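Read through the structure below, which is laid out as structure tokens, and then see the notes.
Please read all numbers here as calculations on a predicted model, not as lab measurements. In what follows, chains are A, B, ... by sequence order, proteins preceding strands, each numbered from 1. Because only heavy atoms are used, hydrogens play no part in the values below, and waters and symmetry mates are left out as well, while side chains stay in.
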Number of protein chains: 2
Amino acid sequence: MTNKSNDPDHPGTEAHRPRSFAGRPATITDVAREAGTGKTSISRYLNGETGVLSRDLLGRIEAAIAKLDYRPNQMARGLKRGRNRLIGMLLADLTNPYSVEVLQGVEAACHALGYMPLICHAANEVDMERRYLQLLTTYRVEGVIVNALGVKEELLQGFTHGGIPVVLVDRTVEGIVTDMVGLDNPAAVALATRHLVDEGFDELLFIVQPVTHVSSRRLREAAFRETVASLRASGSTLVIDLASAASALAELDERIDAARAAGKRVALFAANGPVALRVAVHLKERFGTNWQASVALLAIDDSEWAQLAGMTAVRQPTYEIGRRAVEFLHERLGGAAMPARECLLPGELIVRGSTHCAVPEQAQLPSQGL
Amino acid sequence: MTNKSNDPDHPGTEAHRPRSFAGRPATITDVAREAGTGKTSISRYLNGETGVLSRDLLGRIEAAIAKLDYRPNQMARGLKRGRNRLIGMLLADLTNPYSVEVLQGVEAACHALGYMPLICHAANEVDMERRYLQLLTTYRVEGVIVNALGVKEELLQGFTHGGIPVVLVDRTVEGIVTDMVGLDNPAAVALATRHLVDEGFDELLFIVQPVTHVSSRRLREAAFRETVASLRASGSTLVIDLASAASALAELDERIDAARAAGKRVALFAANGPVALRVAVHLKERFGTNWQASVALLAIDDSEWAQLAGMTAVRQPTYEIGRRAVEFLHERLGGAAMPARECLLPGELIVRGSTHCAVPEQAQLPSQGL
DNA sequence: TTGTACGCGTTATCAC
DNA sequence: GTGATAACGCGTACAA
């Protein structure tokens, strides 16, 4: 099984193939042999323990590494060390730009701290989540960042009991106390709701997906009702299941009509980006391309199309959320043993035309709406 | 996932910590000891070599595994076996829905074939791409799927020379001959261009990002010109750099005005989703919310907002692209030694209002456009 | 049918 | 300064 790639008596041969020989990547042993030394010195060099090595040996090592194009095997390294610099990142839905943006923060932070994110995309399937969670333990990730929908207490206990730190993103999980980072939902919702009221809308309709086990949805809905109450405004909630939205959309139409018939200026408040898109598409089908003039729409999540639609939105500090999640994990991995933390970041209201100035007579008449 | 608590002589104690003992995950040795047997039998059980094991032993093994909540260490397994079931997936830009959709195909196929995708997101940064490519070799992935922008021959040679199969997605890389899967660009562009001409548009403007080193962009642009020529239509190309789009957009305005002044019915053809969005936002700023009535827009990539904007688009078989990429890789990993293949999948034209019937007098007059 | 011994690539320990 | 050698967790001849 020895290979000593190309000995001095065959110079120039295989010059274009720096690797040991066939397919197999060079190992630390290959490098040691090539440099005429033992594995220990190579390992020392790799781990930055220079200064302990003689000038001469150091040069030989570098030459050998370059010649063989050697890269240390992270798997073996992890096996020995007990840690492989892998951290798991479970995402419920990459179709949601929110997830992608958080991911970018996570990646940047990992990059900076020397971790490698093992990204798992559940694609909204609960079994996938379970399966991926299993896989993550199998690959011995050092920690996990979780943003999922169906994850229950039991699934995460495998990690917490195993001493593997878990950081939750956007939503909490019942029965699990651990670090969490996400949007300050109450503040964000209050901000947006106040904006609608300030602009003169007097019938608010909050539209949200089924809140089952997704804490952020529950929090947003609750915050909406509280704010509406505290402002003595009129508002209600509509639950929509994106998988089968027909009935909810019909209900939506009715409520809009009813409010208008009562002379109210109605504004729709979508609890997140996907909901907003579904609603917007529906409004466009009903009111035509100029639907914006007929009904106001605001959303949490500043989707890429929000600018195109001129929709007011609450921008989440997504990048920062991802960054902080990794930082939390890093601290835990460093041995920090503090109680579970909760990091709630503020959202930013981006005002666009969709919620601008609801003066009743002006917007209604010239439009062909309804 | 029940874990029959613990042994009979300590009932109730530590019921909440099924793992071996302290944080450390159980090893195969622990299981062997627990089951009162050797590691070999455990290994056999894990690899499905049942039937070779006695009824009794099998039961003990299952019990031990459940009790210790044992999960084989993929790292160690990979180290020994020489393959760790990891395949690298390098993506240029997850912000582009195209990438996410391809990814979903990749994940599903990996899932089905027993691989674990190691997802690397370069976020449009060339150094990131290089760095991730390094990391992938470091983690000894068995194969790579690459969809990147700045990747050059040399970077990929590390894999090909190392005998690690590479599959390219959407674009080829100069100097690298290897499996590739993507859209049938010539056919897709021809399809869309013909549609525009059929609908009565007689001034076509193809808008594309700088084609430097991205083969798919070049192919699309070339196909556009060829089709325009073969149809004896009038068309030109505009290059836009999304990072600094101002000048290109100004140029766009001029060309639109010129064409209109000449009595032409102009249609814009965006080479991909991100370009389409940028252009659409610009058109909206210029022509107002009803910009659709003023100028036709068509794009390759059926973005999520396309339906909202009522934009005609060419839907790429993204999911299938991802699936095929993994299949190609799987075949190579199985030892298949055929020449490099190229799999070009057809796109699907989704006709929406934006390109509907360019009868000149009807669409222009009632709109307040320009 | 079951157990023993060795090696995968790396790091840690302890000699020299 | 440097280099053998023993683990890390697992798979696999080979022996029993």
Any protein N or O atoms within reach of nucleotides 7-9 of chain D? Criterion: under 3.5 Å, listing atom names and distances.
{"residue": "D:dA7", "atom": "N3", "partner": "A:Lys80", "partner atom": "NZ", "Å": "3.0"}

Under 3.5 Å, is there a donor-acceptor pair linking the side chains of A:Gln134 and A:Arg131? no
Side chains of A:Pro72 and A:Ile28, heavy atoms from C-beta outward: is any pair under 4.5 Å? no
Side chains of B:Leu46 and B:Tyr70 in contact at under 4.5 Å (non-hydrogen atoms): yes
Without swapping roles, check the side chain of [X] against the backbone of [Y] for a donor-acceptor pair under 3.5 Å.
{"X": "A:Arg60", "Y": "A:Ala35", "result": "yes"}
{"X": "A:Asp170", "Y": "A:Ile321", "result": "no"}
{"X": "A:Glu142", "Y": "A:Asn84", "result": "yes"}
{"X": "A:Arg332", "Y": "A:Met338", "result": "yes"}
{"X": "B:Asn147", "Y": "B:Leu91", "result": "no"}

How long is the line joining [atom1] of [X] and [atom2] of [N], in whole Å?
{"X": "B:Leu57", "N": "C:dG3", "atom1": "CG", "atom2": "P", "value": "7 Å"}
{"X": "B:Arg55", "N": "C:dT2", "atom1": "CZ", "atom2": "C1'", "value": "17 Å"}
{"X": "B:Arg60", "N": "C:dT1", "atom1": "CZ", "atom2": "P", "value": "14 Å"}
{"X": "B:Arg83", "N": "D:dG11", "atom1": "CZ", "atom2": "P", "value": "11 Å"}
{"X": "B:Asn84", "N": "C:dG9", "atom1": "CG", "atom2": "P", "value": "13 Å"}
{"X": "A:Ile61", "N": "D:dG1", "atom1": "CD1", "atom2": "P", "value": "14 Å"}
{"X": "A:Arg33", "N": "D:dT2", "atom1": "CZ", "atom2": "P", "value": "20 Å"}

For the residue pair A:His111 and B:Tyr132, categorise the inter-ring angle as parallel (less than 30°), tilted (30 to 60°) or perpendicular (more than 60°). tilted
Within the supplied structure, the quantity of interest is the number of heavy atoms (other residues, nucleotides, ligands) at a distance under 6.0 Å from B:Glu154 CD; does it exceed 12?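 Check passes, neighbour count above 12.
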Please list, by residue number, the residues of residues 40-48 of chain B whose heavy atoms come closer than 4.0 Å to an atom of DNA chain D; answer none if no residue qualifies.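 B:Thr40, B:Ser43, B:Arg44, B:Asn47 - these, ordered by number, are the residues of the stretch whose heavy atoms sit under 4.0 Å from the strand.
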Below 4.0 angstrom from OP1 or OP2 of D:dT2, is there any side-chain N or O of A:Ser54? yes
State, to the nearest 10°, the angle formed by the axis through the first five base pairs of the helix from C:dT1-D:dA16 to C:dC16-D:dG1 and the axis through its last five.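 Overall, the helix from C:dT1-D:dA16 to C:dC16-D:dG1 bends by 50° from one end axis to the other.
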Testing A:Val31, A:Thr27, A:Asp30 one by one against A:Ile42 for a side-chain contact (heavy atoms from CB on, under 4.5 Å), which residue passes?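 The option that passes is A:Val31.
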